[in-house]
Each structure stands twice: as structure tokens, then as C-alpha cells.
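The next block holds one structure in the form of C-alpha cells; read it before the comments.
Side chains included, hydrogens not; waters and symmetry mates left out as well; all remaining heavy atoms used.
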Amino acid sequence: MIKVAFLEYEKYTKEIAFQLSKIFMDVEWTFRHYMKASDLKKACDKETYTLFIMDEMFKTQRVESVFVHDNPNALFIYVCENVNEVRNNDQRSRVLYISKENAVEDILDIKDKILSQCSQVDIYEFNYDGTHVNLPYEDIYYMEKVDKMVYFFTKKGEFHKRINMADLEIQFGPYGFLRTHVSYLVNEKRIVAWYKDEVEIMGGQRIPMSRAQRRKILGKE
């Protein structure tokens, strides 16, 4: 189930929640509204949220350390008066920004990203050569093709299987994975910075991004 936490004024919560009901029409989801960060923190100690929607006033180093840092698989959306000013140079793919003035339109503009990244709570069944592991999509960091094998780098460790990378791209694409290079498939939620020919994921590792794939990815944005 997709769980959404609002740390926002009631007016914007109602507007955005109504739009989310359209985006999550075919999936099971629920939401809770909070006025204080301390109340949300207490709730996070008891349950895990998939999506956090927060007013820009909560974009502080202290609040980010409690919520963004401690929930590495969650998607965050800040609701701002001035998006460019609040976002600054933030390149994290799992931290998005929308305008208070155009909250409804902005939410719909990023609906595909919201749905794909929130759906990562689903399970990928890894089966190969006697190994069977259930991997939540959100726990898969990236995949690399070496010769005829594809290596899965995940929270549970490293696994490999013989499979076509193009088939994986089709299967993982709806969950927010990007083909940054002919040999790499990366979980966009884990990207923290974009460079000319690389992307950086959580933990500091850089993964190649080909010129052709860069054009293809940017063309989708």
C-alpha cells in the first residue's frame, strides 16, 4: 500500500489529495495529515510512508535530516511560493518541488514520476540458478550488464542472472528505472546528481550515462 504523509496547510492538502486520488486510482493508498513535524516524526516511528508532501517552511537542515535522510526510499514533494528559490541546485530525483499557486497543475505534470517511484513498494521476484529472492523495487539500486550476465546491486546484496537488458528495461521502466547506458539500468529515486556523462547515486558512486541515453532521458522531462 502507498502511504502518504502531509505536513502542510489544510487548504493545499485537500487540493493535492484530490489529485492524488486520480493518480492512484488503480492502486491501494491512504494518507494522513499533520500540522507539526514532531507529530509526523512520532508517526514515522510506527509506520513507513512512501510519499511525503511538505510545506516549504519545513525544508531545513534539521527537518531533512529527520525525514529525507532517515527515509531513503521515500519520495518528497515540497510545496513552495517560489520553486526555483527553494529548489536552488537540488538535483535529487526523489525530492520534487511544486508551486503553491499552481499546485494542481504541477502535481499532474509529475504524475508519472509520482506513480512510478511510489509503486516501488511492489516486489520483483528474482529467480536464477537455484537462487530465489523477493526484492522490493525500491531496494534495487542499479543493474549492470557484464558479458552475458546482469548484476543486481541491492540492499540485500549482489545477485546476478543471465537475462536480456532490453527486457529488464521494459519491466523496470514503469517503476522509475532509467537506462543511463547500454550496460546500466539505474533506480532514478536513488540519483542525487546529474553530470554530463555520469549520474551519482546515494553513497557517492557514479554510473556512466551515454550521450544517446542522456538525450533520450532529457527528452522525457
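- With a 4.5 Å cut-off on side-chain heavy atoms, Y124 and F152 count as touching.
- Side chain of R179 to main chain of V182: a donor-acceptor pair is present (N/O by atom type, distance under 3.5 Å, no hydrogens or angles).
- Between Q117 atom CD and N187 atom CG the span is 7.0 Å, to the nearest 0.5 Å.
- Using a 4.0 Å cut-off between a side-chain N of Lys or Arg and a carboxylate O of Asp or Glu, K100 and D55 qualify as a salt bridge.
- Of the possible donor and acceptor atoms, one in the side chain of N82 sits under 3.5 Å from a partner among the backbone N and O of E85.
- Using a 4.5 Å heavy-atom threshold, the side chains of F18 and L20 count as separate.
- Taken from SG in C118 to CG in L75, the straight-line distance is 5.0 Å, to the nearest 0.5 Å.
- L135 and L178 fall within the same hydrophobic cluster, where Ile, Leu, Val, Met, Phe, Trp and Tyr residues are linked whenever their side-chain heavy atoms come under 4.5 Å apart, directly or through other members.
- Proximity of a side-chain donor or acceptor of H33 to a complementary backbone N or O of T13 within less than 3.5 Å is not detected.
- With values rounded to the nearest 0.5 angstrom, M143 atom CE is found 10.0 Å from I207 atom CD1.
- Between the K189 side chain and the N73 main chain, a donor and an acceptor come within less than 3.5 Å of each other.
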- Message: side chain to side chain contact (heavy atoms under 4.5 Å, CB included) for T60 and R62? Distances and angles first, verdict last.
- Response: CA-CA 5 Å; T60 65; R62 179 181 178 185; 4.2 Å; yes
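- Heavy atoms of other residues, nucleotides or ligands lying less than 6.0 angstrom from CG of D45 number more than 12.
- Applying the salt bridge (Lys or Arg N to Asp or Glu O under 4.0 Å) test between D90 and each of R94, R87, R92 identifies R92 as the sole match.
- When every heavy atom of I140 is checked against every heavy atom of R190, the shortest pair comes out as O-CD, 4.3 Å.
- Checking Y151 against E158 by side-chain atom types alone, no donor-acceptor pair falls below 3.5 Å.
- With contacts defined as side-chain heavy-atom distances shorter than 4.5 Å, the pair K161/D129 does not qualify.
- You'll find the ring centres of Y12 and Y9 outside the 6.0 Å limit.
- Contact between M1 and T30 at its shortest, heavy atoms only, is SD-CG2, 3.5 Å.
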- Please test V150 against M165 for side chain to side chain contact (heavy atoms under 4.5 Å, CB included), starting from the C-alpha separation and ending with a verdict. CA-CA 7 Å; V150 174; M165 200 68 162; 3.9 Å; yes
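- No chain of hydrophobic side-chain contacts below 4.5 Å, direct or via other Ile, Leu, Val, Met, Phe, Trp or Tyr residues, connects Y141 to I123.
- A side-chain donor from one of Q205 and Y142 sits under 3.5 Å from a side-chain acceptor of the other.
- In this structure, R214 and R211 have side chains that are not in contact, with every pair of non-hydrogen atoms separated by 4.5 Å or more.
- Closest heavy-atom contact between V4 and F6: CG1-CE1, 3.8 Å.
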- Message: Go through it in stages, so that I can follow the logic: the residues are E15 and Q19, the test is side chain to side chain contact (heavy atoms under 4.5 Å, CB included), and I'd like the CA-CA distance, side-chain angles, deciding distance and then a yes or no.
- Response: CA-CA 7 Å; E15 292 179 354; Q19 299 308 317; over 6 Å; no
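- A salt bridge does not link K42 to E47: none of the charged nitrogens lies less than 4.0 Å from a carboxylate oxygen.
- Within a 6.0 Å radius of CD in E101, no more than 12 heavy atoms belonging to other residues, nucleotides or ligands are found.
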- salt bridge (charged side-chain N to carboxylate O under 4.0 Å, His left out) between E169 and K216, worked out: CA-CA 14 Å; E169 182 180 9; K216 182 178 178 181; 3.6 Å; yes
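- Q120 and Y175 form no side-chain donor-acceptor contact under 3.5 Å, judged by distance and modelled atom types alone.
- Hydrophobic cluster membership is shared by V146 and I163, with clusters built from Ile, Leu, Val, Met, Phe, Trp and Tyr side chains linked at under 4.5 angstrom.
- Each of K36, M54, M35, K41 was evaluated against L7; a single residue qualifies, M54, per the side chain to side chain contact (heavy atoms under 4.5 Å, CB included) test.
- The aromatic rings of W29 and F24 sit tilted, their planes meeting at an angle between 30° and 60°.
- Taking the side chain as every heavy atom from C-beta outward, D106 and V79 never approach each other to under 4.5 Å.
- A distance of 11.5 Å separates CD1 of I201 from OG of S93, quoted to the nearest 0.5 Å.
- Nearest heavy atoms, A5 versus L40: CB-CD1, 3.7 Å.
- Residues V199 and W194 share a closest heavy-atom pair of CG1-CE3, 3.6 Å.
- Taking 4.5 Å as the limit, every side-chain heavy atom of F67 sits out of range of all side-chain heavy atoms of F58.
- Not a single donor-acceptor pair under 3.5 Å links the side chain of K145 to the backbone N or O of N164.
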- Message: I'd like to know whether F52 forms a side chain to side chain contact (heavy atoms under 4.5 Å, CB included) with K3, so could you lay out the CA-CA distance, the side-chain angles of the two residues, the decisive distance to 0.1 Å, and finally the verdict.
- Response: CA-CA 9 Å; F52 291 81; K3 296 183 179 181; over 6 Å; no
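- No side-chain heavy atom of H181 sits less than 4.5 Å from a side-chain heavy atom of M209.
- Between K113 and E188 there is a salt bridge, since a side-chain N of the basic residue sits under 4.0 Å from a carboxylate O of the acidic one.
- Side-chain contact check for V95 versus I77: every heavy-atom pair is 4.5 Å or farther apart.
- Note on F177 and V133: same hydrophobic cluster, where clusters join Ile, Leu, Val, Met, Phe, Trp and Tyr whose side-chain heavy atoms are under 4.5 Å apart, directly or indirectly.
- In the displayed structure, H69 atom NE2 is contacted under 6.0 Å by at most 12 heavy atoms of other residues, nucleotides or ligands.
- Cluster annotation: F172 is connected to F153 through the hydrophobic network of ILVMFWY side chains, with a link wherever side-chain heavy atoms come within less than 4.5 Å.
- Of all the heavy atoms in L115 and I23, the pair that sits closest is CD1-O, 3.9 Å.
- If you check the side chains of Y195 and R206, you find a donor sitting under 3.5 Å from an acceptor.
- The structure places CG of N127 at 11.5 Å from CZ of F159, a figure rounded to the nearest 0.5 Å.
- Interatomic distance, Y97 OH to Y78 OH, rounded to the nearest 0.5 Å: 6.5 Å.
- Not a single donor-acceptor pair under 3.5 Å links the side chain of S183 to the backbone N or O of E144.
- Counted within 6.0 Å of NZ on K156, heavy atoms from surrounding residues, nucleotides or ligands total more than 12; the atom is thus considered enclosed.
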